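Lettering follows sequence order; numbering is per chain, from 1. Being a predicted model, the structure only gives us computed values, none of them experimental. All values below were derived from every heavy atom in this structure, side-chain atoms included, with hydrogens, water molecules and symmetry-related copies excluded.
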Amino acid sequence: MEGGEAGFRTRVLALVARIPPGRVMTYGQLAMLAGSPGAARQAGFVLGSLAGSDELPWQRVINAQGRVSTHKLGFGDLQERLLTAEGVVFDASGRCDLGTRQWWPEEEGPSTPPEPLLF
DNA sequence: GGTTTGACTTGAA
DNA sequence: ATTCAAGCCAAAC
């Protein structure tokens, strides 16, 4: 009986693929929704497999500080640039407003809160 | 099997 | 405000 349970990796990728443009999710959030709270590091490890992939919006995943965690990998500049193109505003310190940019899968319902996206 | 690492998180100094 | 340290879980060796 193979539990029809998808792997942790598969769940994280599924969530990332559902992040709408202009919105972001944190690693800890992905791990929690994937069913493993605390596995934030592992969530980032999964995304590492997609860095540079244009099929999945990996760019919309940032850390809890509202900053991109890809700076040491060399993708930081690219990620901030891609998010900025979607309407995400980064502070001079490289931080964005998670309060308004953080997306939760429950928001995909019929009721979508007003997005202060100022293009 | 155990060991090591990692796109993290939180709390304290 | 920033820096340091410990905790956490999943995959790779």
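Side-chain contact between A/L98 and A/V24 is present, with heavy atoms from C-beta onward closer than 4.5 Å.
Contacts of A/A51 with the nucleic acid, taken as non-hydrogen atoms under 4.0 Å apart, include base atoms. Residue-level contact check: A/G28 touches the backbone only, with heavy atoms under 4.0 Å from sugar-phosphate atoms and none from bases. At the heavy-atom level, A/R95 lies under 4.0 Å from the strands shown only through sugar-phosphate atoms.
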Practice prompt. Go through the steps for A/R67 and A/S93 under the test side chain to side chain contact (heavy atoms under 4.5 Å, CB included), then give the verdict.
Written response: CA-CA 9 Å; A/R67 275 180 131 188; A/S93 302; 4.3 Å; yes
Worksheet item: Please walk me through it: do A/T26 and A/Q102 pass side chain to side chain contact (heavy atoms under 4.5 Å, CB included)?
Response: CA-CA 8 Å; A/T26 65; A/Q102 188 169 15; 3.8 Å; yes
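Atoms CZ (A/F8) and P (C/dC8) sit 16 Å apart, rounded to a whole Å. For A/M25 and B/dC8, the CE to P distance is 16 Å, given to the nearest whole Å. Put simply, CD on A/Q79 is 11 Å from P on B/dC8, counting in whole angstrom units. Rounded to an integer number of Å, the gap from A/Y27 OH to C/dA10 P is 18 Å. Taking atom CZ of A/R67 as the reference point, atom C1' of C/dT3 lies 13 Å away to the nearest angstrom. Atom pair A/L13:CG and C/dA11:P shows a separation of 11 Å (rounding to whole Å applied). Look at CZ on A/R9: it is 13 Å from C1' on C/dA12, rounded to the nearest Å. For A/N63 and B/dT10, the CG to C1' distance is 13 Å, given to the nearest whole Å.
Remark: A/R18 CZ to A/W103 CH2 distance equals 5.5 Å, nearest 0.5 Å. Note that CZ of A/R95 and CD of A/E80 are 12.5 Å apart. Values are rounded to the nearest 0.5 Å. For the atom pair CG of A/L47 and CG of A/L73, the computed distance is 11.0 Å after rounding to the nearest 0.5 Å.
Closest approach to the A/L47 side chain among B/dT10, C/dA11, B/dA7 is made by B/dA7 (side chain taken as heavy atoms from C-beta onward). Side-chain atoms of A/A39 lie closest to C/dC9 of the nucleotides C/dA1, B/dC8, C/dC9.
Among the candidates A/V89, A/I62, A/D91, A/L83, the single residue satisfying the side-chain contact (heavy atoms from CB on, under 4.5 Å) test with A/C96 is A/I62.
Looking at every heavy atom in both residues, A/P20 comes nearest to A/R60 through O-CD, 3.7 Å.
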Worksheet entry | For DNA chain B, the dot-bracket pattern of Watson-Crick and G-U pairs whose distances stay under 3.5 Å, | for other-strand partners | .|||||.||||||
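Remark: A/E86 does not engage A/R23 in a salt bridge, criterion side-chain N to carboxylate O under 4.0 Å.
Comparing A/Q65 and A/K72 by the nucleotide of DNA chain B that holds the closest heavy atom to each, the one mapping nearer the 5' end is A/K72.
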Restricting to nitrogen or oxygen on both sides, can you table the protein-nucleotides 3-6 of chain B pairs closer than 3.5 Å?
| unit_1 | atom_1 | unit_2 | atom_2 | d |
| --- | --- | --- | --- | --- |
| B/dG6 | N2 | A/Q42 | OE1 | 2.7 |

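With sequence neighbours excluded, no residue forms a side chain to side chain donor-acceptor pair (under 3.5 Å) with A/Q42.
Look at A/S36 and you won't find any side-chain N or O under 4.0 angstrom from OP1 or OP2 of C/dC9.
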